[in-house]
Amino acid sequence: MNKRISKHLPNTITCANLFSGCVGIVFAFQENLIFAAYALFLAAIFDFFDGFASRVLKSFSGIGKDLDSLADMVSFGFLPSAILYELFLQSPQIQGIGPYLNFAAFLIAVFSALRLAKFNNDTRQADSFIGLPTPANAILIASIPLILDHHPEFSGYILNQYILAVLVIVMCTLLVAELPLMSLKFKNTDFNKNIYRYLLLLFSAILILFFKFAAVPVIILMYITLSIIQFKFSHDTVISGHQKNK
């Protein structure tokens, strides 16, 4: 009985991720972007714990991997696109191209699908990421309605079709860029080996404490910056080691 539970628990959590994403899409198209954002955050929590459960229970399967990607496509691909689409609709429409530019929001779903497909077939991403992970991208987009809710003074800047279109271009590029980014999975508690992860968690906690949801874009930028520093340092260390061995 315990073996059966161990086998199916991670997939059950993944299904909860998928269910949260579906509910979030309904909220998004009902123009309730706050609840849509909360549904996405809940999906992200389930996404973290399905992988955690798989590692702890040592329950891995091809079905689980495929199910995880399909759930992520809904929760972190289509749901953020739906949120962004509603934000486009709330923005003053550019004469002539405005109604068509709104559909640019769904490029997030397209590039998220490309990102997930690359991840499933790229052996380089076993211990790190190449390109921005779809949950990070989705969380950034989901934070926008919450930022506007707490800081309505930003609406004049954010609810702008030009700004949103630039956001789409930047995020789509980051999703598929050949950019090495660290994984947040801790394989051990060694401080030196996880220093960049600890720094990210520490600064993220401080930023969220003071700025709440407005901290999310800064945290994503900090994540990218620390990853670049980490891999640059690791690369330089490897080169230095090779030169010493010659």
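Predicted model, so just to flag it, every value in this text is computed and none were measured. Atoms considered below: every heavy atom in the structure, side chains included; atoms not considered: hydrogens, waters and symmetry mates. Residue numbers start at 1 and run along the sequence shown.
- Criterion: ILVMFWY side-chain heavy atoms under 4.5 Å apart, direct or through other members. Under it, Phe46 and Val26 are not part of a common hydrophobic cluster.
- In the hydrophobic cluster analysis, where Ile, Leu, Val, Met, Phe, Trp and Tyr join through side-chain heavy atoms closer than 4.5 angstrom, Leu116 is grouped apart from Phe48.
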### Task
Take Phe111 and Leu174, measure what side chain to side chain contact (heavy atoms under 4.5 Å, CB included) needs, and give me the verdict at the end.
CA-CA 9 Å; Phe111 279 80; Leu174 287 174; over 6 Å; no

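- Between Ala36 and Phe27 the shortest heavy-atom distance is N-CB, 3.7 Å.
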### Task
Under the side chain to side chain contact (heavy atoms under 4.5 Å, CB included) rule, what do Leu207 and Met222 come out as? Steps first, then yes or no, please.
CA-CA 11 Å; Leu207 287 168; Met222 185 167 56; 3.9 Å; yes

### Message
Test side chain to side chain contact (heavy atoms under 4.5 Å, CB included) on Val74 and Leu79; report intermediate values, then the result.
### Response
CA-CA 6 Å; Val74 173; Leu79 175 51; 5.9 Å; no

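- The distance from the CG atom of Leu33 to the CD1 atom of Ile144 is 10.0 Å, given to the nearest 0.5 Å.
- Between Ala138 and Pro80 the shortest heavy-atom distance is CB-CG, 3.8 Å.
- Residues Val168 and Ala104 approach most closely at CG1-O, 3.5 Å, considering heavy atoms.
- Side-chain contact check for Asp72 and Thr134: no donor-acceptor pair (N or O, by modelled atom type) lies under 3.5 Å.
- Using a distance-only test at 3.5 Å, with no hydrogens or angles considered, no donor-acceptor pair links the side chain of Ser112 to the main chain of Met73.
- For the pair Ile163/Tyr157, no side-chain contact is recorded, criterion being any heavy-atom separation below 4.5 Å from C-beta on.
- Phe88 places none of its side-chain heavy atoms less than 4.5 Å from the side chain of Phe103.
- Atom CG of Leu159 and atom CG of Leu164 lie 7.0 Å apart (nearest 0.5 Å).
- The side-chain heavy atoms of Val218 and Phe211, taken from C-beta on, include no pair separated by under 4.5 Å.
- Enclosure of atom OH in Tyr196 by more than 12 non-hydrogen atoms of other residues, nucleotides or ligands within 6.0 angstrom is indicated.
- In this structure, the side chain of Thr14 does not engage the main chain of Leu67 through any donor-acceptor pair within 3.5 Å.
- Ser143 places none of its side-chain heavy atoms less than 4.5 Å from the side chain of Ile220.
- Side-chain atoms of Gln230 never come within 3.5 Å of backbone atoms of Leu181 as a donor-acceptor pair (strictly under, hydrogens ignored).
- From Lys65, atom NZ reaches atom CG of Leu70 across 12.5 Å, with rounding to the nearest 0.5 Å.
- Between Pro145 and Ile34, the shortest heavy-atom contact is O-CD1, 3.6 Å.
- Taken from CD1 in Ile219 to CZ in Phe213, the straight-line distance is 11.0 Å, to the nearest 0.5 Å.
- Pro99 approaches Ile94 most closely through the heavy-atom pair CD-O, 4.3 Å.
- Between the CG atom in Asp68 and the CD1 atom in Ile63 there is a gap of 13.5 Å [rounded to 0.5 Å].
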### Task
Walk me through it: do Phe203 and Leu199 pass the test side chain to side chain contact (heavy atoms under 4.5 Å, CB included)?
CA-CA 6 Å; Phe203 286 121; Leu199 284 174; 4.0 Å; yes

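- When side chains are defined from C-beta on, Tyr223 counts as touching Met182, because their heavy atoms get closer than 4.5 Å.
- Checked by atom type and distance alone, the side chain of Asn194 never pairs as donor or acceptor with a backbone atom of Arg197 at under 3.5 Å.
- Here the OG-CG distance, from Ser91 to Asn102, works out to 8.0 Å after rounding to the nearest 0.5 Å.
- Under a hydrophobic-cluster definition in which Ile, Leu, Val, Met, Phe, Trp and Tyr are linked whenever side-chain heavy atoms come within less than 4.5 Å, directly or via other members, Leu200 and Ile228 are assigned to the same cluster.
- When all heavy atoms of Leu132 and Met171 are compared, the closest pair comes out as CD2-CE, 3.5 Å.
- Formation of a donor-acceptor pair under 3.5 Å by the Ser20 side chain with backbone atoms of Ala39 is not found in this model.
- The hydrophobic cluster containing Ile169 does not contain Leu101, counting ILVMFWY residues as joined when their side-chain heavy atoms lie under 4.5 angstrom apart, directly or transitively.
- Heavy-atom neighbours of Phe41 CZ from other residues, nucleotides or ligands within 6.0 Å: above the threshold of 12.
- Within the 3.5 Å criterion, the main-chain N or O of Asn17 finds a donor-acceptor partner in the side chain of Ser75.
- Atom CZ of Phe106 has more than 12 heavy atoms from other residues, nucleotides or ligands within 6.0 Å.
- Under the 4.5 Å side-chain contact rule for hydrophobic residues, Leu89 and Val166 share a cluster.
- Few gaps surround CD on Glu153; more than 12 heavy atoms of other groups in view lie less than 6.0 Å from it.
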